[in-house]
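The structure displayed is predicted, hence computed values, not measured ones.
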Amino acid sequence: MKKLTTVRCGENESLESALKRFKRKCQKDGIIGDLKKKTEYVKPSVRRKEKSKAARKRAMKKSRY
């Protein structure tokens with residue numbers, strides 16, 4: 001099911017600020033992440049390797065402080 005994300009512009013609101021609010025709302029709703037996941041297929045073995053690499057990076061970063 002598709003999600004519809006809408007943003008209403010105020011009377012004196014600029015287009016740039018409305019666009020910024022729209023992008024933030026899309027990020028919060030997870031639409032951007034879904035698009036990134038669906039752009040290309042990643043093999044499960046590669047996904048596991050990337051996940052463990054990220055975990056090692058987080059652990060190293062945490063141990064520094």
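- Note that CZ of R8 and CD of E13 are 12.5 Å apart. Values are rounded to the nearest 0.5 Å.
- Q27 contributes no side-chain N or O that, together with a main-chain N or O of R24, makes up a donor-acceptor pair within less than 3.5 Å.
- With V46 as reference, K43 is the one residue of K43, K49, R48 to meet the side chain to side chain contact (heavy atoms under 4.5 Å, CB included) rule.
- The NZ atom of K36 sits 7.5 Å away from atom CD1 of I32, with the distance rounded to the nearest 0.5 Å.
- A distance of 6.5 Å separates CG in L15 from SG in C9, rounded to the nearest 0.5 Å.
- The shortest heavy-atom contact between K25 and V7 is CD-CG2, 4.3 Å.
- We find the OG-CD distance between S45 and E50 to be 9.5 Å, quoted to the nearest 0.5 Å.
- With rounding to the nearest 0.5 Å, the separation of CG in D34 from CG in D29 is 10.0 Å.
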